[in-house]
Number of protein chains: 2
Amino acid sequence: MQRFSKKVSMTVVKRLPKYYQYLSDLLENDIEKISSRELASLMGLTASQIRQDLNSFGGYGQQGYGYNVGELREAIKEILGLDSEYNCMIIGAGNMGHAIANYERFKREGVILKGVFDVDPLRVGTVVGSVVVKHMDEIEKFIKNNEIDICILCVPREVGQKVATLITDLGVKGILNFSPLDLDVPGDVVVENVNITDSLFTLTYLLGE
Amino acid sequence: MQRFSKKVSMTVVKRLPKYYQYLSDLLENDIEKISSRELASLMGLTASQIRQDLNSFGGYGQQGYGYNVGELREAIKEILGLDSEYNCMIIGAGNMGHAIANYERFKREGVILKGVFDVDPLRVGTVVGSVVVKHMDEIEKFIKNNEIDICILCVPREVGQKVATLITDLGVKGILNFSPLDLDVPGDVVVENVNITDSLFTLTYLLGE
DNA sequence: TAGATTGTTAATCGATTAACAATC
DNA sequence: TAGATTGTTAATCGATTAACAATC
């Protein structure tokens with residue numbers, strides 16, 4: 001289900017969530033219209049860049065006026081696929097799994113936590129976020145019954161690939177990967193990595209510049 | 001303390017932690033040498049790109065042979081500043097603060113957790129990672145006494161900017177920011193953002209492509 | 001209508017890829 | 001020496017910036 005005809009570069013895609021955030025904030029503050037120049041100064045981009053970005057999708061602006069904040073926010077929300085709901089699960093009920101399970105923002109944007117899994121008998125049966133932790137043995141049945149779209153991987157590096165293979169074999173098409181390794185997945189599966197170690201090392205690099 | 005003469009683009013910098021990870025893995029598996037072609041296929045880059053990247057820093061390879069894994073890893077470790085130690089602190093002892101405090105990898109690479117702070121009286125006094133949670137009232141004295149290089153921000157969005165201003169006023173020069181907002185900091189302070197919400201939204205976008 | 005600001009084309013800049021001489 | 005592979009230059013590709021006609 002491709003939403004737009006022109007293909008959009010990854011560089012632009014990575015900026016879309018930021019646009020969504022800033023526009024949501026503006027709306028929160030009852031700001032109705034904004035020009036590319038104003039938004040640029042707010043976000044630390046250039047006005048040109050913003051107009052180019054927004055035009056990869058369509059003409060959301062109006063000459064002589066600027067952009068209507070509410071309309072543009074709705075458009076980007078839809079572009080990001082946030083007009084649909086997503087069933088999600090977390091694998092790994094350690095500290096990171098806990099942290100994500102309690103992120104209110106996910107639910108607010110339509111990403112519904114359906115289950116949390118772990119192999120540790122001490123964790124199975126405990127409550128994390130809004131759900132009871134299940135054992136990995138139950139995962140096959142669970143994924144089928146709950147039509148899981150997104151799996152959030154919070155397992156140790158050593159088992160990351162094994163678990164990724166398991167869930168993609170069971171039909172999961174989206175992975176938000178907190179395990180610090182690059183996953184090898186089938187071509188129709190999308191992975192977004194959150195690699196905290198990489199971020200830390202980028203920071204230590206920048207500290208020495 | 002600039003480590004290298006040629007200035008390196010952010011694009012290359014962002015790849016350095018990945019090189020470090022892959023080279024560490026190779027070394028772990030007792031692989032002594034690797035060619036740009038082999039490393040490229042492993043990392044999903046091109047051989048040309050790897051040779052260009054590594055040459056932003058210096059000639060670590062050898063014609064007809066390739067790269068010595070151990071030597072190259074040491075070089076990149078130094079480039080990333082991981083030959084020094086860093087004193088770090090975490091602000092926010094919620095789930096995310098807990099998760100980071102228990103990351104073994106940080107300590108292993110010389111990033112030493114000196115303290116964890118929170119404002120919640122229920123959290124102050126509890127043990128997180130290896131340290132006892134302190135109240136924010138003690139932060140000024142603490143930063144001075146411990147020569148904190150890096151602050152890991154795990155506070156709610158609403159207080160993120162306030163806390164960032166506080167710690168940069170106290171001399172902290174590096175922030176690993178898990179709070180989902182863009183921080184406004186002085187020019188000599190470096191911030192690396194880990195924005196989980198942005199990552200999730202990138203994933204939902206890609207799921208609809 | 002005049003002023004403002006977009007949408008869009010053209011120019012510039014930067015990053016990736018290709019090619020090959022240097023050299024181990 | 002012959003084969004392999006780097007370091008580096010040149011060519012290509014893509015992203016950002018600049019400029020301005022279109023138009024609200």
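Proteins come first, then strands; the chains are lettered A, B, ... in the order of their sequence lines, and each starts at number 1.
Regarding contacts with the backbone of C/dA18, every side-chain N or O of B/Ser48 stays at 4.0 angstrom or more from both OP1 and OP2. Under 4.0 angstrom from either OP1 or OP2 of D/dT6 there lies at least one side-chain N or O belonging to B/Arg51.
Paired runs in DNA chain D that reach 3 or more consecutive Watson-Crick or G-U pairs, where each pair keeps both distances under 3.5 Å, cover C:3-24 with D:3-24.
Minimum heavy-atom separation, B/Ser36 to B/Arg51: OG-NH1, 2.9 Å.
The OH atom of B/Tyr60 sits 11 Å away from the P atom of D/dG7 (whole-angstrom rounding). The nearest whole Å value for the distance from the CD1 atom in B/Ile50 to the C1' atom in D/dG7 is 14 Å. One atom, CD1 of B/Ile34, and another, C1' of D/dT6, lie 14 Å apart when rounded to the nearest Å. Atom CG of A/Leu39 and atom P of C/dA4 are 20 Å apart (whole Å). Straight-line distance from the CZ atom of A/Arg37 to the C1' atom of C/dG3: 13 Å, rounded to whole Å.
Every residue two or more places apart in sequence or in another chain was checked for a salt bridge (Lys or Arg N to Asp or Glu O under 4.0 Å) with A/Arg37, and none qualifies. Every residue meeting the ring pair (Phe, Tyr, Trp, His ring centres under 6.0 Å) condition with B/Phe117, not counting sequence neighbours, appears here in chain and number order: B/Phe142. The salt bridge (Lys or Arg N to Asp or Glu O under 4.0 Å) search around B/Asp149 returns none, not counting sequence neighbours.
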> Going through the checks in order, is the salt bridge (Lys or Arg N to Asp or Glu O under 4.0 Å) test met by B/Asp83 and B/Lys77?
Replying inline: CA-CA 6 Å; B/Asp83 51 339; B/Lys77 179 174 181 159; over 6 Å; no

>> Set out, in order, the CA-CA distance, both residues' side-chain angles and the distance that settles side chain to side chain contact (heavy atoms under 4.5 Å, CB included) for B/Tyr20 and B/Glu109, then state yes or no.
In response: CA-CA 11 Å; B/Tyr20 186 56; B/Glu109 299 288 356; 2.9 Å; yes

> Can B/Val172 and B/Val189 be said to form a side chain to side chain contact (heavy atoms under 4.5 Å, CB included), step by step?
Replying inline: CA-CA 8 Å; B/Val172 171; B/Val189 174; over 6 Å; no

Close N or O pairs between protein and nucleotides 12-16 of chain C (under 3.5 Å):
unit_1: C/dT16; atom_1: OP1; unit_2: B/Arg15; atom_2: NH1; d: 3.2
unit_1: C/dT16; atom_1: OP2; unit_2: B/Arg15; atom_2: NH2; d: 3.1
unit_1: C/dT16; atom_1: O5'; unit_2: B/Gln49; atom_2: NE2; d: 3.4

Measure all distances between protein nitrogen or oxygen atoms and nitrogen or oxygen atoms of nucleotides 21-24 of chain C, and list the pairs falling under 3.5 Å.
unit_1: C/dC24; atom_1: O4'; unit_2: B/Gln63; atom_2: O; d: 3.4
unit_1: C/dC24; atom_1: O3'; unit_2: B/Gln62; atom_2: NE2; d: 2.5
unit_1: C/dC24; atom_1: O2; unit_2: B/Gln63; atom_2: O; d: 3.4

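A salt bridge links A/Lys18 to B/Asp182: at least one charged side-chain nitrogen sits closer than 4.0 Å to a carboxylate oxygen. Using a cutoff of 4.0 Å between basic side-chain nitrogens and carboxylate oxygens, B/Asp25 and A/Arg157 are scored as salt-bridged. The pair A/Glu192-A/Lys14 counts as a salt bridge, with a side-chain nitrogen and a carboxylate oxygen less than 4.0 angstrom apart.
Shown here is A/Glu32, whose CD atom has no more than 12 heavy atoms of other residues, nucleotides or ligands within 6.0 Å.
For A/Asn55, taking side-chain heavy atoms from C-beta onward, the closest of the listed nucleotides C/dG7, C/dT5, D/dT5 is C/dG7.
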